[in-house]
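Throughout, numbering of the chain's residues begins at 1 and tracks the sequence. What you see below is based on every heavy atom in this structure, not just the backbone, and it leaves out hydrogens, waters and symmetry mates.
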Amino acid sequence: MRARIAATLIAFGLAATPTLAETIEVKMLNRGENGSMVFEPDYVELKPRDSVKFRVGHKSHNSASIDGMTPAGYPGFKGQINEEIEVTFETSGFYGIKCSPHFAMGMVMLIKVGEAELTDAIRKAEVPGRARGRFDAIFARIDQVKAAQ
């Protein structure tokens with residue numbers, strides 16, 4: 001009888017345990033797999049309440065959200081130059097991220113949180129030319145995976 005009660009309590013306790021949030025590390029680099037001035041990886045998929053830790057791989061970088069490339073109502077964030085920050089993403093949607101001093105050089109990445117569809121507003125957001133090329137390459141990879149499903 002005690003064993004059955006203990007087993008029931010353990011099973012209930014395990015079933016009630018919340019899923020732990022994950023933290024993904026992203027490096028800010030002068031040079032990486034995709035050329036100069038990059039985030040690696042440049043695209044991540046998260047669950048709501050997961051975090052991204054932006055690591056300084058090389059000096060003179062920061063991470064910041066891009067206005068117009070986040071879910072409605074998102075207040076945004078902006079790390080300081082050479083600052084490693086951890087950002088938790090609560091709301092489902094896509095988040096465009098930039099390195100402020102290297103935005104025009106195409107130093108951008110994209111984060112998908114939860115079940116979200118890539119909208120025209122994100123695809124057509126106004127960004128500098130080199131950033132547009134990098135985002136278009138990320139969008140093409142997302143579209144390719146979606147088409148294969």
Assess whether side chain to side chain contact (heavy atoms under 4.5 Å, CB included) is satisfied between Val52 and Thr23, documenting all intermediate values. CA-CA 5 Å; Val52 172; Thr23 300; over 6 Å; no
For the atom pair CD (Gln144) and CD (Gln149), what is the distance rounded to the nearest 0.5 Å? 11.5 Å
Any side-chain heavy atom of Arg134 within less than 4.5 Å of one from Val127? no
Between the side chains of Asn30 and His61, does any donor sit under 3.5 Å from an acceptor? yes
Within the structure provided, determine whether Asp120 and Ile122 are in side-chain contact (heavy-atom separation under 4.5 Å). no
Quick one: CD on Glu86 to OG on Ser63, what's the gap to the nearest 0.5 Å? 11.5 Å
Does a sphere of radius 6.0 Å around NZ in Lys53 hold more than 12 heavy atoms from other residues, nucleotides or ligands, not counting ones at 6.0 Å or beyond? yes
Any chance you could measure Lys112, atom NZ, to Leu118, atom CG, to the nearest 0.5 Å? 9.0 Å
Is there a path of hydrophobic side-chain contacts, each under 4.5 Å between heavy atoms of I, L, V, M, F, W or Y residues, that connects Met37 with Val56? yes
Quick one: sort the Tyr74 and Phe77 rings into parallel, tilted or perpendicular, breaks at 30° and 60°. perpendicular
Closest heavy-atom pair and its distance - Ile81, Pro101: CD1-CG, 3.6 Å
Measure across Val108 and Ala131 and return the closest heavy-atom pair with its distance rounded to 0.1 Å. CG1-CB, 3.8 Å
Salt bridge (Lys or Arg N to Asp or Glu O under 4.0 Å) pairs touching residues 136-149, sequence neighbours excluded, are Asp42-Arg141, Glu117-Lys146, Arg123-Asp143, Arg132-Asp136
What are the two closest non-hydrogen atoms of Pro71 and Ser92, and how far apart are they? CG-O, 3.8 Å
Dump the intermediate steps for side chain to side chain contact (heavy atoms under 4.5 Å, CB included) on Phe94 and Val113, then the final yes or no. CA-CA 6 Å; Phe94 281 88; Val113 178; over 6 Å; no
Are more than 12 heavy atoms, taken from residues, nucleotides or ligands other than Asn82, located less than 6.0 Å from that residue's CG atom? yes
Under 4.5 Å between any side-chain heavy atoms of Ile66 and Phe135, yes or no? yes
On a heavy-atom basis, the closest approach of Ser60 and Cys99 is O-SG, 4.4 Å
Any idea how Tyr95 and Phe89 line up, ring-wise: parallel (<30°), tilted (30 to 60°), or perpendicular (>60°)? perpendicular
Side-chain donor or acceptor of Glu40 paired with backbone N/O of Glu33 under 3.5 Å: yes
Phe139 versus Leu110: any side-chain heavy-atom pair under 4.5 Å? yes
Grab the two heavy atoms, one from Ser65 and one from Thr70, that are nearest each other, plus how far apart they are. CB-CG2, 4.0 Å
State, yes or no, whether a side-chain contact exists between Asn62 and Lys78 at a heavy-atom distance under 4.5 Å. yes
Determine whether Phe39 and Ile24 fall in the same hydrophobic cluster, where Ile, Leu, Val, Met, Phe, Trp and Tyr are linked whenever their side-chain heavy atoms lie under 4.5 Å apart. yes
Transitive ILVMFWY side-chain link Met107 to Leu29, under 4.5 Å: no
How about CD on Glu90, more than 12 heavy atoms from neighbouring residues, nucleotides or ligands closer than 6.0 Å, or not? yes
Might you point out which heavy atoms bring Ile138 and Met109 nearest each other, and give the distance in Å? CD1-CA, 4.3 Å
Does the pair Asp50 and Thr88 meet the rule for a side chain to side chain contact (heavy atoms under 4.5 Å, CB included), with working shown? CA-CA 6 Å; Asp50 283 353; Thr88 301; over 6 Å; no
If Ile, Leu, Val, Met, Phe, Trp and Tyr residues are connected whenever their side-chain heavy atoms lie under 4.5 Å apart, and connections chain through other members, are Ile85 and Val26 in the same group? yes
In short, salt bridge (Lys or Arg N to Asp or Glu O under 4.0 Å) pairs touching residues 22-32 with sequence neighbours left out are Glu22-Lys47, Glu25-Arg55
